[in-house]
Structures are given as C-alpha cells and as structure tokens.
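Let me begin by presenting the structure, written as structure tokens, before commenting on it.
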Amino acid sequence: MTIIAPSVLSADFYDLKTQIEELNKSEAKWIHYDVMDGHFVPNLSFGPDILKQIGKHTDRVLDVHIMVSNPLKVVDYFSGCPVDYMTFHKEAVDDNVLIPTIEKCRLKGWKVGISIKPGTRPESLIGVLELVDMVLVMSVEPGFGGQSFMPSALDKLDWLDNYRKQHKLNYLLEIDGGINRETGKLAVEHHCDVLVAGSYVFKYPEGIVEGVKSLL
Ligand code: DX5
Ligand code: ZN
C-alpha cells in the first residue's frame with residue numbers, strides 16, 4: 001500500500017492546528033516536514049520547535065527532509081525531536097561526511113534517508129544504499145512547493161528499485177515535488193513507496209482528507 005506523506009510546507013501556518021487535525025483524520029500515514037536553510041536552497045522554512053509541537057498532536061510518522069548545507073551539524077538541532085525518518089541531501093556533503101552523518105542519525109534513534117536533486121544520478125549513491133532506510137528522489141528543484149513534476153525522476157526510481165532487488169536491500173523509495181493524482185500514479189507504477197504531496201493535498205478543493213484519499 002502506498003504511503004502518503006503530506007508536506008506541511010503548503011499548510012496554512014495561521015491555522016496549523018486545524019491542518020494537523022485534518023491530517024490526523026486522513027489516510028496519510030506520514031507527515032513530511034521540510035527544513036530549508038536559505039543556503040542549500042534559496043528559501044527558509046522552519047526548525048525543530050514547530051516539529052516538536054506537531055509531534056505532540058499527531059501519531060503519524062514524522063518524515064523530516066533537511067535541505068541544508070551542513071547536515072552533520074543541523075541534525076543536532078533536532079536532538080530530542082519526534083523524528084522518525086531524517087533525510088539529508090547527498091549533494092550537501094563531501095563523500096567522507098556521508099557515513100558519519102548517517103551514523104549520527106542512527107545514534108539518535110532515527111531511520112535515515114538520503115536524497116538526490118534532479119541533476120544527481122542515482123548511481124552516485126552506490127556505497128551508501130546499503131546503509132539507508134529510504135532514498136528520496138526529488139522531482140523538482142528543492143526549495144519551493146507548487147512546482148511542476150520532472151518526469152526524469154521516474155527512471156531514477158526504476159534504477160533504484162532494480163538495485164534494491166538485485167542487492168536484496170529494503171530501503172523505501174520516496175518521491176517529492178509536483179505530486180498530484182496523475183504524477184503520483186506514475187511514480188507508483190515506477191515502484192515508489194512514499195508520495196510526498198504539498199500543494200496538491202493542502203489546496204485540494206474538497207479538503208485535506210479527500211485530497212489524501214485521491215492519491216490512494
Ligand atoms: C520542495 C519540498 C517539497 C514540497 C513539495 O523543496 O521538498 O516537500 O513541499 O511541494 P509540492 O507537492 O507542492 O510540489
Ligand atoms: Zn520535501
């Protein structure tokens with residue numbers, strides 16, 4: 001069964017309480033939380049304090065996506081936060097920092113994801129794929145909600161699915177950016193397990209609960 005992970009980046013921040021209550025009523029099993037540092041991506045979002053508040057009011061899996069230049073340091077800001085998955089970007093770190101970042105997350109008790117931007121090939125993750133619980137394929141340039149889906153992400157899902165089967169690995173495949181009913185269906189056809197959807201779910205005319213349902 002496909003997991004839906006609505007991205008609260010597109011929520012109505014003035015009424016976050018109601019938005020989380022709607023997610024709690026929905027079939028979304030996860031909540032996606034985008035952290036942006038104004039350096040790795042040209043935007044700023046939120047940090048650990050809002051995540052703590054959300055965690056107090058939901059039992060959903062909290063899926064944190066950090067779009068930051070220094071994940072090895074930033075993950076420490078989330079110590080004590082209700083993180084289930086912590087996903088950082090391959091492009092943000094030198095190769096010799098990849099494994100220490102993964103290990104630091106594990107010591108905090110989190111599952112770990114690695115993400116690639118549209119210009120990064122999945123082959124560049126060889127050597128890391130054995131160590132992660134999830135691979136997040138970006139289907140837009142990270143930084144903003146509401147952009148159009150890039151179909152080049154689909155080949156990457158195929159490659160990553162093939163690799164996990166060949167090597168008997170269990171990482172989940174997640175896609176993020178421009179997901180709606182059509183692109184979500186395509187991603188699932190290409191072996192995706194987790195669909196992140198921001199603007200589609202939060203701006204769905206019949207509301208969040210129906211928006212999530214329409215992706216299943
Ligand atoms: C973009 C973020 C996404 C964003 C997706 O950098 O990582 O999670 O919220 O938004 P939509 O679904 O509107 O493309
Ligand atoms: Zn994201």
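For ligands, and for the atoms within them, numbers begin at 1 and follow the listed sequence. Note that the structure is predicted; figures quoted are calculated from it, not measured. Because only heavy atoms are used, hydrogens play no part in the values below, and waters and symmetry mates are left out as well, while side chains stay in.
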| field | Degrees at the Zn ion (ligand 2) between the ND1 atom of His65 and the OD1 atom of Asp34, nearest 10° | value | 90°
| remark: OD2 (Asp176) to the Zn ion (ligand 2) to NE2 (His32), nearest 10°, is 100°
| said: For the aromatic rings, using the six-membered ring if either is Trp, is the centroid distance between Trp110 and Phe78 under 6.0 Å? | reply: no
| field | Closest to atom 3 (C) of ligand 1 among Asp176, Val196, Val41 (heavy-atom distance) | value | Asp176
| task | Please work out which of the three classes, parallel, tilted or perpendicular, describes the rings of Phe13 and Phe46, given edges at 30° and 60°. | result | perpendicular
Heteroatom distance test ([X], ligand 1): nitrogen or oxygen, under 3.5 angstrom:
| X | value |
| --- | --- |
| Gly146 | yes |
| Gly143 | yes |
| Ala197 | no |
| Tyr200 | no |
| Glu141 | no |
| Gly178 | yes |

| query | Any donor-acceptor pair under 3.5 Å linking the side chain of Ser10 with the backbone of Ser199? | reply | yes
| field | Part of Ser7 with heavy atoms under 4.0 Å of ligand 1, whether side chain, backbone, both or neither | value | side chain
| request: Tell me which part of Phe144 gets within contact of ligand 1: side chain, backbone, both or neither, using heavy atoms under 4.0 Å. | output: backbone
| remark: Nearest heavy-atom approach of Gly178 to Thr183 is O-OG1, 2.9 Å
| said: To check your reading of the model: name the closest protein heavy atom to atom 12 (O) of ligand 1, its residue, and the distance in Å. | reply: Gly198 N, 2.7 Å
| request: Would you please test Asp63 and His65 for side-chain hydrogen bond (donor to acceptor under 3.5 Å, both in side chains) and show each step? | output: CA-CA 7 Å; Asp63 174 34; His65 174 200; over 6 Å; no
